[in-house]
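Read through the structure below, which is laid out as structure tokens, and then see the notes.
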Amino acid sequence: MRSILFVCLGNICRSPLAEGIAKDIVSKKGLNTKVDSAGTGDWHLGESPCRYSIQVAKEHGVDISMLRARQVTQEDFEEFEMIVALDDSNFHDLKDMGATNLVKLGDYGYDGADVPDPYFFGGYEGFENVYNMIEICLNNLFSVQSSDKE
């Protein structure tokens, strides 16, 4: 896998966390993989990740403060080998938009469960739980991708 895009709703909570964690894994494993994130919605364009996402990532040694929200485009479906939806709703929206190279992050460690949107519930603890879920799924995803290359 040479390119991967993580997609949630607004691109300020879950997908920036996934992008930051994935970039950290890619760096540590010495992989040549492009990583990015986007949202299906457009109401946060150009905004930084939310403060709890930045804080929880920083506490795990990952800096996502420089990321800015953007909306997924049709060009992304050509550019990225894998589009990773963070939940069912975004998975179906992406499929309706024409994404064919689409998977769900929860399939890599949580039996297909959605990565819940911590923005609407859970306070800081919700963000910590989401960070841990994303990290487990991404470690599994990159392990599967590595073994597919062998």
Side-chain angles (χ1 to χ4, degrees), residues 1-31 33-41 43-44 47-65 67 69-72 76-77 79-150:
M1 174 181 41
R2 293 180 302 273
S3 58
I4 185 168
L5 179 69
F6 298 97
V7 182
C8 69
L9 188 58
N11 194 216
I12 61 167
C13 295
R14 296 169 290 171
S15 56
L17 283 172
E19 178 181 351
I21 296 166
K23 284 180 175 177
D24 188 54
I25 292 169
V26 163
S27 175
K28 287 176 178 171
K29 289 183 176 258
L31 303 174
T33 303
K34 177 182 177 175
V35 176
D36 199 357
S37 65
T40 55
W43 51 91
H44 293 293
E47 291 181 22
S48 300
C50 64
R51 67 183 175 100
Y52 283 153
S53 287
I54 292 171
Q55 181 181 344
V56 74
K58 185 177 182 180
E59 289 175 4
H60 288 271
V62 176
D63 183 8
I64 63 169
S65 63
L67 301 179
R70 72 177 188 87
Q71 189 173 20
V72 68
D76 289 328
F77 302 148
E79 181 178 346
F80 291 92
E81 291 178 50
M82 179 183 276
I83 309 290
V84 181
L86 280 283
D87 61 26
D88 278 336
S89 177
N90 287 294
F91 182 93
H92 293 296
D93 288 345
L94 290 161
K95 194 171 187 176
D96 289 346
M97 292 173 70
T100 56
N101 47 345
L102 185 58
V103 299
K104 190 173 159 191
L105 188 59
D107 290 337
Y108 292 90
Y110 282 86
D111 296 323
D114 285 352
V115 175
D117 190 339
Y119 189 77
F120 296 108
F121 70 94
Y124 181 78
E125 185 177 320
F127 283 82
E128 180 68 35
N129 291 337
V130 163
Y131 183 96
N132 291 329
M133 184 179 188
I134 291 171
E135 184 177 46
I136 288 167
C137 291
L138 287 178
N139 279 316
N140 290 334
L141 183 146
F142 281 103
S143 291
V144 168
Q145 296 300 321
S146 296
S147 65
D148 286 349
K149 299 283 186 201
E150 294 174 357

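None of these values were measured; they are calculated from a predicted model.
Under the 4.5 Å side-chain criterion, counting only non-hydrogen atoms from C-beta, Ile83 is not in contact with Val103. A 4.5 Å side-chain heavy-atom check between Arg14 and Val130 finds at least one atom pair inside the cut-off. Using a 4.5 Å cut-off on side-chain heavy atoms (C-beta onward), Cys50 and Phe127 make contact. Ser3 has its side chain out of reach of Met82: every pair of non-hydrogen atoms, C-beta onward, lies at least 4.5 Å apart. The shortest side-chain heavy-atom distance between Cys8 and Asp117 does not fall under the 4.5 Å cut-off. Side-chain contact between Ile136 and Tyr110: present, with at least one pair of heavy atoms (C-beta onward) separated by less than 4.5 Å. Using a 4.5 Å heavy-atom threshold, the side chains of Phe77 and Val72 count as touching. In this structure, the side chains of Phe91 and Asp114 stay at 4.5 Å or more apart for every pair of heavy atoms.
Contact record, Ser53 with Ile12: OG-O, 3.7 Å, taken as the closest heavy-atom pair. Across all their heavy atoms, Gly123 and Tyr52 have their closest contact at C-CE1, 4.1 Å. Between Leu138 and Ala22, the closest heavy-atom pair is CD1-N, 3.7 Å. Considering every non-hydrogen atom in both Met133 and Pro116, the closest pair reads SD-CD, 3.8 Å. Between Ile64 and Pro49, the closest heavy-atom pair is O-CG, 3.4 Å. Closest of all the heavy-atom pairs between Leu67 and Lys23 is CD2-NZ, 4.3 Å.
Ser65 and Asp63 share a side-chain donor-acceptor pair at under 3.5 Å. Between the side chains of Asp87 and Asn90, at least one donor N or O sits under 3.5 Å from an acceptor N or O.
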side-chain contact (heavy atoms from CB on, under 4.5 Å) between Ser15 and Val7: does it pass, once the steps are laid out? CA-CA 5 Å; Ser15 56; Val7 182; 5.7 Å; no
Could you give me the CA-CA distance, side-chain angles and deciding distance for Thr33 and Val35, then say whether side-chain contact (heavy atoms from CB on, under 4.5 Å) is met? CA-CA 6 Å; Thr33 303; Val35 176; 4.2 Å; yes
The test is side-chain contact (heavy atoms from CB on, under 4.5 Å); show your working for Leu31 and Phe142 and say whether it passes. CA-CA 10 Å; Leu31 303 174; Phe142 281 103; 3.8 Å; yes
Show your reasoning for whether side-chain contact (heavy atoms from CB on, under 4.5 Å) applies to Asn139 and Ile25. CA-CA 8 Å; Asn139 279 316; Ile25 292 169; 3.5 Å; yes
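The number of heavy atoms from other shown groups lying within 6.0 Å of CD (Glu125) does not exceed 12.
Using cut-offs of 30° and 60° on the angle between ring planes, the pair Tyr131 and His60 is parallel.
In this structure, CD in Glu19 is found 11.0 Å from CD1 in Ile4, a value given to the nearest 0.5 Å. If you take CG on Leu94 and CG on Leu102, they are separated by 5.5 Å, rounding to the nearest 0.5 Å. A distance of 15.0 Å separates OH in Tyr108 from CD1 in Ile134, rounded to the nearest 0.5 Å. The line from CG of Asn101 to CZ of Phe80 is 10.0 Å long, rounded to the nearest 0.5 Å. In this structure, the separation between NZ on Lys95 and NE2 on His92 is 7.5 Å, given to the nearest 0.5 Å. We find the CZ-OH distance between Arg51 and Tyr124 to be 11.0 Å, quoted to the nearest 0.5 Å.
Taking 4.0 Å as the cut-off between side-chain N and carboxylate O, Arg70 and Asp76 count as a salt-bridged pair.
In terms of modelled atom types and a separation under 3.5 Å, the side chain of Lys104 and the main chain of Ala85 share no donor-acceptor contact. Counting only distance, with no hydrogens or angles, the side chain of Gln71 and the backbone of Thr40 share a donor-acceptor pair below 3.5 Å.
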